[in-house]
Amino acid sequence: MKWQTDASPNIALIKYMGKQDYDSNLPANASLSYTLSDLKTVVELESTTENSDRWEALHDKNLAYIPKLDAEEQQRFLRHLQMLKKYFNYQGNFIVRSANSFPAGCGIASSASSFAALTLCAVKALQELTGQKIQDVAVIADLSRRGSGSSCRSLFGPWVLWEGDKVKQLELPYFKLLHQVVVVSSHKKQVSSSEAHKRVKTSLLYEGRTQRAEKRLEELFTAFTHKDWSLAADIVWQEFWDMHVLFETSYPPFGYMESNSLIVLDYVRALWEAEKDGPITTMDAGPNVHLLYRQDQEEMAKKVRSDLSSQFSLL
Ligand code: DP6
């Protein structure tokens with residue numbers, strides 16, 4: 001028997017960076033994300049009589065990016081499946097297959113969509129195989145969070161608030177945004193997000209991080225509620241820089257920013273200065289730059305694509 005599910009990544013505007021509890025991925029601060037419904041990870045599960053679970057790439061002509069999970073990443077994915085099997089008290093095994101519609105492991109939140117898709121697919125399979133039902137999506141989000149924190153936000157959308165062990169959809173203006181990723185590099189990152197969560201605590205600037213994130217979250221709500229796009233863009237800009245500065249001031253320091261990321265950021269800044277308007281800009285734990293536009297900025301999004309596409313690929 002086979003089951004298939006997909007889930008989209010989400011981009012955090014207020015970042016989850018630093019954990020209160022590493023085993024259950026409880027965050028140090030609340031985060032706010034926008035779900036990127038044009039991108040997806042597909043996970044397929046097939047029940048097998050083999051004596052253990054295993055992962056392999058899913059080959060599907062509609063999914064351009066076949067992930068190359070190293071042994072450790074495969075183990076992490078399979079450990080999450082094993083936790084879900086235990087929850088359902090199920091003894092059988094599965095072949096797990098996955099693929100993405102976008103490059104993985106470079107700051108486009110593939111761990112969020114992969115773990116959300118795996119959780120949804122496993123819950124679907126295990127409900128059918130065991131006859132047990134999970135009625136509440138909050139329980140599924142809780143299970144998904146244990147695999148990878150940010151994945152709990154991918155079960156909702158588009159606007160999602162995650163606070164402690166609670167995650168919920170929010171009604172905010174700008175329901176339908178246009179999203180672009182300027183792909184500066186699609187190489188796999190050297191330091192994983194999970195490692196980054198630990199390392200940032202060694203930065204002398206970590207003190208006050210929780211308060212700064214919470215304050216920005218409040219300010220961002222207010223900006224969105226008053227439809228103050230420009231203020232929202234400033235807050236989101238400050239927030240991603242805060243996180244990247246923590247990376248560079250950790251022991252040992254590490255970073256994801258590349259010279260080409262700075263070229264894109266400079267371009268966006270010049271655009272804002274010239275037009276007195278522009279996209280909300282953010283970066284995750286990777287060198288790639290995410291741009292979010294309002295519906296009425298469609299022409300601007302096209303211009304940005306044509307200006308940047310000779311140098312970078314854009315998703
Ligand atoms: C920079 O969810 O990947 O993307 O819980 O260890 O799996 P784990 O970490 P992960 O961290 C994501 C960090 C981030 C910011 C964010 O998505 O909020």
Side-chain angles (χ1 to χ4, degrees), residues 7-36 39 41 67 69 72-73 75-77 79-80 83 100 102 104-119 141-165 167 179 181 188-201 203 206 209-210 212-214 216-217 220 235-236 239-248 250 254-257 261 282-290 292:
S8 291
N10 64 79
I11 183 69
L13 304 191
I14 301 296
K15 308 290 182 186
Y16 152 51
M17 187 41 60
K19 302 184 190 183
Q20 266 179 62
D21 181 75
Y22 291 94
D23 290 336
S24 60
N25 292 333
L26 283 176
N29 60 273
S31 56
L32 175 75
S33 63
Y34 187 82
T35 301
L36 306 172
L39 307 178
T41 296
L69 300 190
E72 202 180 312
E73 289 166 326
Q75 279 316 311
R76 185 178 172 206
F77 215 40
R79 265 200 312 277
H80 185 56
M83 187 273 283
N100 300 314
F102 60 95
C106 55
I108 316 180
S110 58
S111 98
S113 51
S114 308
F115 279 84
L118 175 60
T119 308
D142 190 82
L143 290 169
S144 199
R145 190 198 75 229
R146 289 164 190 274
S148 175
S150 56
S151 73
C152 69
R153 297 187 309 234
S154 278
L155 301 181
F156 305 88
W159 291 111
V160 183
L161 175 69
W162 170 28
E163 211 165 8
D165 61 355
V167 53
H179 173 248
V181 192
K188 216 173 219 175
K189 55 193 172 200
Q190 301 290 318
V191 178
S192 69
S193 306
S194 302
E195 173 64 19
H197 285 287
K198 289 188 186 138
R199 248 198 261 169
V200 289
K201 296 214 172 177
S203 164
Y206 186 76
R209 162 66 195 158
T210 308
R212 292 197 300 279
E214 303 281 352
R216 282 197 196 105
L217 182 62
L220 188 57
I235 296 166
V236 173
E239 169 67 2
F240 86 75
W241 271 107
D242 187 331
M243 180 176 80
H244 281 259
V245 168
L246 289 177
F247 298 155
E248 293 291 355
S250 293
F254 64 104
Y256 305 98
M257 195 72 71
S261 318
T282 190
M283 294 175 66
D284 243 1
N288 299 318
V289 182
H290 292 254
L292 292 165

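The basis for the numbers below is simple: all heavy atoms, side chains too, and nothing from hydrogens, waters or symmetry mates. All ligand and atom numbering here is 1-based and tracks the order in the structure.
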What are the atoms of ligand 1, with element, lying closer than 4.0 Å to any heavy atom of [X]?
X	value
Ser111	3 (O)
Met243	1 (C)
His197	6 (O), 9 (O), 10 (P), 11 (O), 12 (C), 13 (C)
Asn25	5 (O)
Ser150	2 (O), 3 (O), 10 (P), 12 (C), 17 (O)
Ser148	2 (O), 3 (O), 5 (O), 7 (O), 8 (P), 10 (P)
Asp284	1 (C), 4 (O), 14 (C), 15 (C)
Ala285	1 (C)

Please find out if less than 6.0 Å separates the ring center of Phe240 from that of His290.
-> no
Within the 6.0 Å centroid threshold, strictly below: His244 and Phe247 | yes
Is there a polar contact between ligand 1 and [X], counting only N or O atoms under 3.5 Å apart?
X	answer
Lys19	yes
Lys15	no
Asn10	no

Run the contact test for Arg145 against ligand 1 with a 4.0 Å cut-off on heavy atoms, strictly below, and give the result.
-> no
Does ligand 1 have any atom sitting under 4.0 Å from a heavy atom of Arg146?
-> no
At under 4.0 Å between heavy atoms, which part of [X] makes contact with ligand 1: side chain, backbone, both or neither?
X	answer
Ala12	side chain
Glu239	neither
Ser31	neither

Which pairs pass salt bridge (Lys or Arg N to Asp or Glu O under 4.0 Å) with one or both residues in residues 153-165, sequence neighbours excluded?
-> none
Say whether, by atom type as modelled, one donor and one acceptor occur between the side chain of [X] and the main chain of [Y] under 3.5 angstrom.
X	Y	answer
Lys201	Lys19	yes
Tyr256	Gln190	no
Ser261	Val289	no

Quick one: does Val200's side chain get under 4.5 Å of Arg209's, heavy atoms only?
-> no
Hey, mind stepping through Thr35 and Asn10 against side-chain hydrogen bond (donor to acceptor under 3.5 Å, both in side chains) and telling me if it holds?
-> CA-CA 4 Å; Thr35 301; Asn10 64 79; 5.6 Å; no
With sequence neighbours excluded, residues passing side chain to side chain donor-acceptor pair (under 3.5 Å) with Glu195 | Arg199
